[in-house]
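Letters A, B, ... mirror the listed sequences (proteins, then strands); counts begin at 1. Basis for what follows: all heavy atoms, side chains included, without hydrogens, waters or symmetry-related copies.
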Protein chains: 2
Amino acid sequence: MRRTPVGRQTRARGIPEATVARLPLYLRALTALSERSVPTVSSEELAAAAGVNSAKLRKDFSYLGSYGTRGVGYDVEYLVYQISRELGLTQDWPVVIVGIGNLGHALANYGGFASRGFRVAALLDADPNVVGSTAAGLPVRHMDELESIVAGQHVSIGVITTPPGAAQQVCDRLVEAGVTSILNFAPTVLNVPDGVDVRKVDLSIELQILAFHEQRKSGEEPEEGPIEEPPVRERTPGPVRAAAAKLRRAAGGKDTKGDSDRQAVLPA
Amino acid sequence: MRRTPVGRQTRARGIPEATVARLPLYLRALTALSERSVPTVSSEELAAAAGVNSAKLRKDFSYLGSYGTRGVGYDVEYLVYQISRELGLTQDWPVVIVGIGNLGHALANYGGFASRGFRVAALLDADPNVVGSTAAGLPVRHMDELESIVAGQHVSIGVITTPPGAAQQVCDRLVEAGVTSILNFAPTVLNVPDGVDVRKVDLSIELQILAFHEQRKSGEEPEEGPIEEPPVRERTPGPVRAAAAKLRRAAGGKDTKGDSDRQAVLPA
DNA sequence: ATGCGTTTGTGAACGTGTGCACAAAGATGG
DNA sequence: CCATCTTTGTGCACACGTTCACAAACGCAT
Ligand SMILES: NC(=O)c1ccc[n+]([C@@H]2O[C@H](COP(=O)([O-])OP(=O)(O)OC[C@H]3O[C@@H](n4cnc5c(N)ncnc54)[C@H](O)[C@@H]3O)[C@@H](O)[C@H]2O)c1
Ligand SMILES: NC(=O)c1ccc[n+]([C@@H]2O[C@H](COP(=O)([O-])OP(=O)(O)OC[C@H]3O[C@@H](n4cnc5c(N)ncnc54)[C@H](O)[C@@H]3O)[C@@H](O)[C@H]2O)c1
């Protein structure tokens with residue numbers, strides 16, 4: 001195991017981001033094993049349960065330390081504890097949810113939320129019609145109370161489920177109040193100062209990515225082969241390019257890349 | 001006809017996955033510009049709007065082709081069209097949502113859903129109490145109808161919002177029926193045959209990642225220093241290591257790496 | 001103790017992604 | 001047609017991530 005590589009100037013310590021993103025996955029698989037009272041698990045088995053390659057899993061764990069016993073595997077309970085600790089789940093994380101509409105309601109009702117150290121400290125909304133109602137047994141409070149709640153309960157994580165137009169403003173207010181991690185469900189790019197983390201969950205983007213691959217499946221390419229790629233690219237004399245670009249823009253035609261110009265490149 | 005550089009065996013054609021994941025972001029920013037009737041935009045401006053580095057954006061676009069005019073920028077409308085086409089959004093994508101509980105309801109009501117070529121073909125549930133009710137104006141149909149709906153409307157994208165225990169089973173059925181892209185909201189690893197894409201949205205994972213970074217901010221390391229490494233060190237005779245490992249496992253203590261053994265290692 | 005089968009931990013090769021920095025393309029004005 | 005100014009498209013270097021493959025470590029039986 002040695003010691004940290006140190007050699008690098010970047011990330012002298014610390015766990016690679018890609019690894020951090022997988023730790024919750026391992027933790028989930030381990031928790032399931034733990035509930036079945038499985039005492040130990042090999043990297044192969046656990047990797048299968050988590051849906052990753054076993055070498056990757058071992059390398060991931062190697063960043064945490066040398067847990068695991070050669071010839072045997074990993075002690076499930078011990079690993080659960082180590083990963084939980086590394087992820088900071090041994091402490092309590094109060095969370096505020098801002099924007100209690102369709103999605104905010106669903107999140108508030110989400111059980112798996114509290115299961116792992118996360119606790120809904122408050123539900124907040126700006127709409128007087130919503131404020132005062134309850135969701136999942138919790139009262140919806142008015143935005144005016146945001147600052148006092150965040151300060152009073154030391155909330156450092158905020159969830160934004162407002163319409164996109166309100167997201168940046170809500171974000172600013174959360175940050176101002178002291179929140180330093182934000183989970184954003186609104187389809188907006190949030191601007192935050194250094195030191196504040198933002199992660200986003202964007203249904204629309206996910207669907208579009210699926211659509212992209214879906215198109216590839218049914219459409220063009222035979223699935224795997226070398227594939228014929230379109231012409232144009234690299235070498236087209238300057239002047240012509242310019243003219244072509246002009247034409248394109250003027251006429252809304254398609255050009256250059258992809259199945260497009262299988263046919264005629266220039267309309268003319 | 002030409003054909004791709006071919007040199008690589010991997011991804012001979014095609015757009016890098018990281019780029020694909022950003023295209024929807026660019027598209028969203030461009031759509032906003034389009035609505036404001038902005039005719040052209042520079043990579044710098046658009047990158048700012050999308051929250052990315054301008055060099056990255058230019059490189060991303062370069063995979064699509066040579067749209068854009070030097071000294072001017074990109075034609076907004078034209079780019080919107082090109083990206084839409086590349087993502088497959090110029091066609092209609094019927095989608096089924098399975099599991100109309102809290103989250104399924106929220107998704108069904110989500111307006112931004114239909115806005116980009118995605119159309120809810122059907123809402124499905126197994127619970128007789130839910131079947132027959134309506135969500136967002138659509139009737140909730142019984143799972144029995146899944147196969148006929150998927151086949152009849154050529155649905156290739158399915159969204160799973162059932163409890164985790166039902167997810168794999170639902171997934172299998174979707175795939176069997178002909179769905180080849182799945183968006184999974186249940187916290188489960190789905191097994192699918194080759195050719196089927198799965199993307200997941202996992203609130204719990206996102207929160208855990210935030211917690212990890214949050215812990216780093218407030219907690220331990222001074223932010224950058226070389227770090228003091230724990231004892232153990234490289235050369236520890238075999239037997240001792242073994243004994244140590246045993247102890248660890250037996251007592252649920254922590255060991256080896258990092259800040260761990262700050263406080264009391266063993267509860268007792 | 002020694003040997004055997006198993007499984008970890010990791011070096012090293014490779015693939016993917018990012019960002020700099022700049023030549024070349026084009027616009028624009030004379 | 002030339003000079004100048006802007007902005008793209010991309011070569012290149014480096015950072016990050018993944019996977020292979022294997023020695024070393026360990027449990028266990030003899
Ligand atoms: N519903 C979904 O499934 C879904 C899916 C993906 C993304 N989203 C996004 O999530 C967000 C919420 O979606 P929704 O369907 O719940 O919308 P919604 O309109 O049902 O709820 C939004 C809530 O935010 C509140 N709000 C508005 N402005 C506010 C402000 N300035 N401060 C505090 N609260 C404010 C509103 O009163 C309302 O209760 C939207 O940005 C949407 O695009 C929703
Ligand atoms: N609610 C949230 O905000 C949230 C957040 C993150 C993840 N999730 C996950 O999303 C999923 C749904 O969450 P929810 O809060 O909407 O749960 P829910 O219990 O409210 O809804 C689940 C629905 O699925 C239906 N269902 C159960 N088994 C089915 C089957 N075999 N076939 C078809 N339908 C079936 C149920 O009848 C119910 O209507 C869960 O896996 C949950 O962990 C939810």
Between the protein and nucleotides 19-21 of chain D, which nitrogen or oxygen pairs are less than 3.5 angstrom apart?
unit_1	atom_1	unit_2	atom_2	d
D:dT19	OP2	A:Lys56	NZ	3.3
D:dT19	O4	A:Lys59	NZ	3.3
D:dA21	N6	A:Arg58	NH2	3.3

Nucleotide [N], atom [atom2] - distance to [atom1] of [X] in whole Å:
X: B:Leu46; N: D:dT6; atom1: CG; atom2: C1'; value: 17 Å
X: A:Arg22; N: D:dC16; atom1: CZ; atom2: P; value: 15 Å
X: B:Glu44; N: C:dA21; atom1: CD; atom2: P; value: 14 Å
X: A:Phe61; N: D:dA25; atom1: CZ; atom2: C1'; value: 19 Å
X: B:Glu17; N: D:dG17; atom1: CD; atom2: P; value: 16 Å
X: A:Asp75; N: D:dC26; atom1: CG; atom2: C1'; value: 15 Å
X: A:Leu57; N: C:dT10; atom1: CG; atom2: P; value: 14 Å

Would you please confirm or rule out a distance under 4.0 Å between OP1 or OP2 of [N] and any side-chain N or O of [X]?
X: B:Ser42; N: D:dT7; result: no
X: A:Ser43; N: C:dT8; result: yes
X: A:Tyr63; N: D:dG17; result: no
X: A:Tyr74; N: C:dG9; result: yes
X: A:Arg70; N: D:dC22; result: no
X: A:Thr69; N: C:dT8; result: no

>> Tell me which pairs pass salt bridge (charged side-chain N to carboxylate O under 4.0 Å, His left out) where either residue lies in residues 32-43 of chain A, with sequence neighbours left out.
In response: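 For residues 32-43 of chain A: none.
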> Does A:Arg22 have any salt bridge (Lys or Arg N to Asp or Glu O under 4.0 Å) partners at least two apart in sequence or in another chain, and if so, which?
Replying inline: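 Result, salt bridge (Lys or Arg N to Asp or Glu O under 4.0 Å) vs A:Arg22: A:Asp60.
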>> Within residues 27-36 of chain B, which residues have any heavy atom lying less than 4.0 Å from an atom of DNA chain D?
In response: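 Listed by number, there are none.
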> With side chains defined as the heavy atoms from C-beta onward, is the minimum distance between A:Leu27 and A:Leu23 less than 4.5 Å?
Replying inline: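 Side chain of A:Leu27 against side chain of A:Leu23, heavy atoms only: no contact under 4.5 Å found.
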> Who pairs with B:Ala32 by side-chain contact (heavy atoms from CB on, under 4.5 Å), at least two apart in sequence or on another chain?
Replying inline: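 B:Ala32: no side-chain contact (heavy atoms from CB on, under 4.5 Å) contacts found.
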> With sequence neighbours left out, what residues match B:Asn53 under side-chain contact (heavy atoms from CB on, under 4.5 Å)?
Replying inline: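 With neighbours one apart ignored, the set is B:Ala55, B:Lys56.
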> What pairs with A:Ser34 under side-chain hydrogen bond (donor to acceptor under 3.5 Å, both in side chains), at least two apart in sequence or on another chain?
Replying inline: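 A:Ser34: side-chain hydrogen bond (donor to acceptor under 3.5 Å, both in side chains) contacts with A:Glu77.
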> How would you list, by chain and number, every residue that makes a ring-ring contact (aromatic ring centres under 6.0 Å, His included) with B:Phe185, sequence neighbours excluded?
Replying inline: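 By the ring-ring contact (aromatic ring centres under 6.0 Å, His included) rule, B:Phe185 matches no residue at all.
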> Quick one: on DNA chain D, does A:Asp60 or A:Gly71 contact a more 5' nucleotide (nearest heavy atom)?
Replying inline: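 Mapping each residue to its closest nucleotide by heavy atoms, the 5'-most match is A:Asp60.
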Got a list of side-chain donor-acceptor pairs under 3.5 Å for residues 192-199 of chain A, not counting sequence neighbours?
unit_1	atom_1	unit_2	atom_2	d
A:Asp197	OD2	B:Lys217	NZ	3.4
A:Arg199	NE	B:Glu206	OE1	2.4
A:Arg199	NH2	B:Glu206	OE1	3.2

>> Walk me through whether A:Asp75 and A:Tyr67 qualify under side-chain contact (heavy atoms from CB on, under 4.5 Å).
In response: CA-CA 8 Å; A:Asp75 180 283; A:Tyr67 314 141; over 6 Å; no
> Are the aromatic rings of A:Phe61 and A:Tyr74 close, with centres under 6.0 Å apart?
Replying inline: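 Yes, the ring of A:Phe61 comes within the 6.0 Å limit of the ring of A:Tyr74, centre to centre.
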> Looking at the side chain of A:Val72, which of D:dG9, D:dG27, C:dT8 is the nearest nucleotide?
Replying inline: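 So the nucleotide nearest the side chain must be D:dG27.
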